[in-house]
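First the proteins, then the strands, lettered A, B, ... as listed; each starts at 1. Note that this is a predicted model, so its numbers are computed, not measured.
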2 protein chains.
Amino acid sequence: MSQSYNSQLLDNAVAHLAKLPGIGQKTALRLALHLLRQNEDVAVGLGEAISEMRRNIRYCSKCHNISESDICPICSSPRRDAATVCVVESVKDVLTIEATREFNGMYHVLGGVISPLDGISPSDLEIDSLVERVRSGEVEEVILALNPTIEGDTTNFYIFRRLAECQVRISILARGISIGNELEYTDELTLGRSILNRVPFADTFSTQ
Amino acid sequence: MSQSYNSQLLDNAVAHLAKLPGIGQKTALRLALHLLRQNEDVAVGLGEAISEMRRNIRYCSKCHNISESDICPICSSPRRDAATVCVVESVKDVLTIEATREFNGMYHVLGGVISPLDGISPSDLEIDSLVERVRSGEVEEVILALNPTIEGDTTNFYIFRRLAECQVRISILARGISIGNELEYTDELTLGRSILNRVPFADTFSTQ
């Protein structure tokens, strides 16, 4: 239950702020009182930025990433490689991969991973549209970039089987020890995998 | 500097969210993406609640607490004791004291405490208006409820001197060991004070 603070307007703002993930009643009140102390344009600017964003952001009809137009800037860019499609779980992952500046292809945002426990089946995800995209013939390689969890692996395998009939290369992000990490603190599963999947040293020179 | 996320609207919302205290760039992005996943009325409701609050909340012209009208509900309540005025630092402290349900008087929100290091002098605070309120004759007791810090004590002493000429009782919140705390973990200053200011045991029965 939300508390009452002698002002309907304050109560309302606090109740809305407290719905945000990781923000409880006390933090919500602190944020609301902070906003009250700021100039009017700071608080009203925040309010309007949130409303405008939610009202006007759509999803790209091709890759399902967020977009302000029907086709997102990545999908419509002539400088990006349309033959390589990186499959990710969420919009956040697109931003994370873009931040590496190592990938110049397209994306396909699934909107989640297969998780029977959470009631998420393949039909809830953008998997059919991925298969369609691949079948259209313009895609040469699909890179599976889901999180390395059980659900992610299940989804990887499901997609792999769905695409088996298509003439497309299917690759997956390399798994191994993190750069800068110490072996001592790497978990056994990862370290074991990175031994099994070791690569010729000479190959590492050609990465860049 | 704020990052760019391929959408001006998202960038803008993230930049505004990241200005909130305790919310950095990453949390702001997480919150913005969370709001994008919600129904439109959740995000737009939050945006409008913030804008509405900041646009329409004013400050009570008598006690300087937040209010939706010229005089706040506490100051205009006939059931509250206008002869007792509790002096607090901020709006938050009014809410904190109200939550105890032990106080039935009025408030006076200073808007801060005297702090030369932060450039806050008595003229930046609502001290003149407090003196005026007391001089008007309706106040019988002023309760100093500032935070027990050096700045709070300085401000207490300043107010005490300003009100010296007035026929008004000036009291201060009791300082001592916290209820439920163990003596072993009470700081020495507080424990020392609570020994010096010990009260007759029989008096404690009459509190409630």
Colleague: If you check every heavy atom in residues 26-58 of chain A against those of chain B, which residues fall under 4.5 Å?
Modeller: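 So the qualifying residues are A/Leu29, A/Arg30, A/Leu31, A/Ala32, A/Leu33, A/His34, A/Leu35, A/Leu36, A/Gln38, A/Asn39, A/Glu40, A/Val42, A/Ala43, A/Val44, A/Gly45, A/Leu46, A/Gly47, A/Glu48, A/Ala49, A/Ile50, A/Ser51, A/Glu52, A/Met53, A/Arg54, A/Arg55, A/Asn56, A/Ile57.
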Colleague: Please identify each residue that fulfils side chain to side chain donor-acceptor pair (under 3.5 Å) with B/His16, with sequence neighbours left out.
Modeller: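 Once residues adjacent in sequence are excluded, the partners of B/His16 under the side chain to side chain donor-acceptor pair (under 3.5 Å) criterion are B/Asn12.
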Colleague: Shorter than 4.5 Å, heavy atoms on both sides: which option in A/Val94, A/Asn65, A/Ile66, A/Val91 has the most such pairs with chain B?
Modeller: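 Looking at each option in turn, the highest pair count goes to A/Ile66.
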Colleague: Could you list which of residues 136-158 of chain A have a heavy atom closer than 4.5 Å to any heavy atom of chain B, in residue-number order?
Modeller: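 Residues of residues 136-158 of chain A touching chain B at under 4.5 Å: none.
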Colleague: Which members of residues 71-87 of chain A, sorted by number, sit under 4.5 angstrom from chain B on a heavy-atom basis?
Modeller: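 Checking residues 71-87 of chain A against chain B gives A/Pro73, A/Ile74.
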